[in-house]
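Down below is the structure, laid out as structure tokens.
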Amino acid sequence: MDYPFKSIEKKWQKIWEDKRIFYVSESSEKPKYYILSMFPYASGVLHMGHISNYSISDALVRYKIMNGYNVLQPMGYDAFGLPAENYAIENNSHPRITTENNAKIMDEQFKQVGFGYDWNRKISTCEPEYYKWNQWFFLKMYEKGLVYRKKSYVNWCPDCRTVLANEQVEDGKCWRCGTEVSQKEMEQWFIKITNYAEELLDQSQLQYWPERVKIMQKNWIGKSYGTEIFFKMVDSGERIDVFTTRADTIFGCTYIVLAPEHPLVHKLIQNNSYKGKIEKFIHRVINESKIVRSAEDNVKEGIFTGQYAINPVNNENVPIYIANYVLMEYGTGAIMAVPAHDQRDFEFAKKYNLPMKIVIQNKDRSLDLKTMTSAYVEEGVLVNSAQFDGMNNIKAIKSISEWMESEKIGKMTISYRLRDWGISRQRYWGTPIPIIRCPKCGDVPVPEKDLPVELPFNVEVGKTRQNPLKSVPEFVHTTCPKCGGYAERETDTMDTFFDSSWYYVRYADPHNHNMPFDSKKANYWVPVDQYIGGIEHATMHLLYVRFFHKFMRDLGMVNSDEPCIRLLTQGMVTKDGAKMSKSKGNVVDPQYIIDQYGADTVRVFMLFSSPPDKDKEWKDESVKGASRFLNRVWRLIDEQKDFLKSVHQDYDKNANISSELKKLRYSTHFTIKKVTEDIEERMQFNTAIAAIMQHLNNIQSYYIIDENDSTEIAIYKEAIEIIPYLLVPFAPHISEELWQMLGHKKILLETEWPKYEPEFLKTEEITYVIQINGKLRSKITVSADSDEDLVKEKALANYKIQKYITGKEIIKIIVVPNKLVNIVSK
RNA sequence: GCGAAAGUGGCGGAAUUGGCAGACGCGCUGGACUUAGAAUCCAGUUCUGGAAACAGAGUAGGGGUUCAAGUCCCCUCUUUCGCACCA
């Protein structure tokens, strides 16, 4: 009943493998093209999202190969990480064992779908051969001063028992397990990604990236221009710097606020008789989980320190508060409060009965503190601001800042929302951070020659609440590379985003034992020409990769500025309107579908259902539709293959043929054009497939008049043969098989992508739409060489049109060449 | 709150530069084949009226520009996503 997809798919997978179609090297005359899909987490099963993602890249790969490119498409596994460790704990196994098993299963599944990978380049991030270079890069960063260790409050997931980067906290919850994240003070390793903030903000080489991703990155980095203003404490004279973007309101400052984590806080409250009470407050706020503290409706709370500071612009004494709404991580961790012109300060001042001072007046209505119900944040003119009175407040930002700089009471600065990248994880299954802690010498980097610092295998995972590495003496106990004395190893492992930040270059030279990769090979393949992956990585992975690339460039290892030229963020696969997930119970196992309909059907369904960057709603019926289409193609060719095999393709192109036959030929060449442009220019596979379906319909509504007419048969054959050709990127197995059935020896992947003949897209007759006042009223067909006047004449003469225009005044007639005539009448 | 994207038949979607709205597919309706079902094939399928020809309405809603608007402009609504006390 169905075409024999099982045997065909196996057959062609073997042929591609035997012919080494997807195995590539740098020694090629052809131009290179590097297509990369984000590698999967080694979870042990391919889900529909993977199939969807990889079907897109595989279609492009085949298209590019046929267009004469040396195409690299590698595959590997993101193999380290928490879920693997947790999975192993649950199953009483070891993550190395479960991960290796998972990878094997996934290898098989990949092969079953027939994706064309260069398997020689497979990498797995949990191999010492790979993570050795993570450590190497870490040491290089250390050398360059990009690594530091700092005690800080970090996002702590109590369930995963590890630290999370800010990016890994979603709505105050752990991005992996959904547990509410709390704050914990810990020593952590950080990478100074902020050193590259300015460069990461430069998106000039990302013109082929989705706007959405670029905006998200820009917001994430969050650059703002502002001013640091130097307050002094009345008692000790110690400086407190505050950051503001609203220097224009400095004269309206009535108090200043420190974040509870601010380093000066302890000193400030030393002699306060309420010290205990204040400390209690600080303690409470700090331990409050982020979600509570940052919630929109969280009540602003604060406490007076008992101390005052001097506002440097007017020498006024202002009280110093500590409050929950000031963040240590942004700016200087201290703010000046201008309640009259900042909503947050306004709310706080109202609550604690603090004074307010208007320093910006509205031109039309005069503001009054007694009647104000919210802060005035609009434009206006400065008042109560000494020599700046009367100045427009926007202009005053600069003027006041410059003045403060010259008075040495402030300086203009730039502040970023982006924080440094905390890479420490307190778990076993990751790259050990190559640092040795010596009681004498402090933190000493592991010498390069001693890499890799191997992750010990014999570890009891999940037995203790602490990092299992801590309980492996062979790992922890070591000697200091500097002084030779007893020392202990760092037991933190790296965030797995470190692993995935440079894997795309490793693919260029995956077996290098001396270096992460050879620069020559890297520069041949990199940057990636087309990168494909999920939008969820917009501010995580995609920011880290860009950072890493620039770092590698600064080391002289790559000669480009960005890791990838084109980026496609594919949509997710949904069912019943929601993302497929176990908890929702709406998961469809690709394996089942492949068994039932074959890999080509699944691919066609995925690519046909919507454009690649849109979500794909899974519908069992639509899968049947994709299968039905492939079966129709199969039957058409299967029934006619013997007849067509005997037909000569060549024919006299100038021969006089029927208009029906011309239409068929037109359809063939039009479809080539359409499919080519849809792939090449728009990456829109759904319309490309629709065009092929349309062409199939056109063929099936054509009836051969004379089986002995060699011209007719040749054109008919051409129409049919183009189908496997154009279908091969989307349904590679069936297309190759059909092509062979039609008697061809060379496989499609070894032939060139077809070209359309512009001559055949010209038609002798053109149908014009005739509108009257913009409304469609009739259609006429004229010969293609008709000039505008003739078209007008015929349009007016049309009997349906006559009905509408008799007795009416024609004001003008618009003719759009080859398209329509619009008659404007009254 | 800020930023972004989107809103088109019963459904997924198409309409690429302002020029025939609904390509293609699903579903549905009727028919053919069949003892029957499945599969397949044929016809139809935006809505309203009509047997039909045809007419009218129609791309979230309202307004505007234009000979012509799904497409451009303004306002409103809804949905999704991102950020969110960032001073």
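Protein chains get the first letters and strands the later ones, always in sequence-line order, with residue 1 at the start of each.
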Nearest to the side chain of N697(A), which nucleotide is it out of C24(B), C20(B), A4(B)?
C24(B)

Name the stems with RNA chain B in them: runs of three or more consecutive Watson-Crick or G-U pairs, distances under 3.5 Å?
B:1-7 with B:77-83, B:10-12 with B:24-26, B:27-32 with B:40-45, B:46-49 with B:54-57, B:60-64 with B:72-76

Given that E347(A) and P611(A) both sit by RNA chain B, which one's nearest nucleotide is further toward the 5' end?
P611(A)

Spacing of the P atoms in A60(B) and C11(B) (rounded, Å):
13 Å

Would you indicate what G331(A) reaches in the nucleic acid, counting non-hydrogen atoms under 4.0 angstrom: base, sugar-phosphate, or nothing?
nothing

Considering only NZ, NE, NH1 and NH2 on the basic side and carboxylate oxygens on the acidic side, decide whether E347(A) and K350(A) come within less than 4.0 Å.
no

Ignoring the backbone of N822(A), work out which of G19(B), A4(B), G56(B) is nearest its side chain.
G19(B)

Against the side chain of S609(A), the closest entry in A55(B), C67(B), G12(B) is G12(B)

Between A15(B) and A68(B) - C1' atom distance, rounded Å
16 Å

Side chain of S622(A) only, please: which of C67(B), C85(B), C26(B) is the nearest?
C26(B)

For a quick check, tell me whether the side chain of K779(A) and the base of C20(B) share a donor-acceptor pair closer than 3.5 Å.
yes

Quantified in whole Å, what is the C1' atom distance between nucleotide G58(B) and nucleotide C47(B)?
7 Å

At 4.0 Å (heavy atoms only), tell me whether E617(A) reaches a base, stays on the sugar-phosphate, or touches nothing.
nothing

G27(B), G19(B), G56(B): which one has an atom nearest the side-chain heavy atoms of Q771(A)?
G19(B)

For residues L60(A) and M683(A), determine if any side-chain heavy atom of one lies less than 4.5 Å from a side-chain heavy atom of the other.
yes

For S778(A), give me all partners under side chain to side chain donor-acceptor pair (under 3.5 Å), at least two apart in sequence or on another chain.
N798(A)

Gap in Å between the two P atoms, one belonging to C33(B) and one to G37(B), rounded
12 Å

Charged N to carboxylate O below 4.0 Å: is that the case for E621(A) and K624(A)?
no

Spacing of the P atoms in A55(B) and G18(B) (rounded, Å)
30 Å

May I ask you to verify if any side-chain N or O of Q684(A) is less than 4.0 angstrom from the OP1 or OP2 atom of A15(B)?
yes

Starting at the 5' end of RNA chain B, which residue's closest nucleotide do you reach first, L776(A) or S415(A)?
L776(A)

Given G25(B), A23(B), G19(B), identify the nucleotide with an atom nearest to the side chain of Q694(A).
A23(B)

Hey, does the side chain of N686(A) come within less than 4.0 Å of A14(B)'s phosphate (OP1/OP2), counting only N and O?
yes

Between the base of C85(B) and the side chain of K300(A), is there a donor-acceptor distance below 3.5 Å?
yes

Suppose you measure atom P in G70(B) against the same atom in U8(B); what distance do you get, rounded to whole Å?
15 Å

Residue K800(A), side-chain heavy atoms: nucleotide from G25(B), C83(B), C54(B) that is nearest
C54(B)

Side chain to side chain contact (heavy atoms under 4.5 Å, CB included) partners for M693(A), two or more places apart:
F608(A), F629(A), I689(A)

Answer yes or no: is there an ion pair linking E301(A) with K351(A), defined by an N-O contact shorter than 4.0 Å?
no

Quick one: are the ring centres of Y597(A) and F605(A) less than 6.0 Å apart?
no

Under 4.0 Å from OP1 or OP2 of A39(B): is there any side-chain N or O of R628(A) that close?
no

Select one nucleotide: of C85(B), G13(B), C41(B), the one nearest the side-chain heavy atoms of S610(A).
G13(B)

Quick check on side chain to side chain contact (heavy atoms under 4.5 Å, CB included): which of V675(A), D678(A), I56(A) does F685(A) satisfy it with?
I56(A)

Hey, does the side chain of R777(A) come within less than 4.0 Å of G56(B)'s phosphate (OP1/OP2), counting only N and O?
yes

Let's see if you can work this out: which of G19(B), C67(B), G82(B) has an atom nearest to the side-chain heavy atoms of K812(A)?
C67(B)

Of all the choices, C24(B), U16(B), C85(B), which nucleotide is nearest to the side chain of A690(A) once you look at every atom?
C24(B)

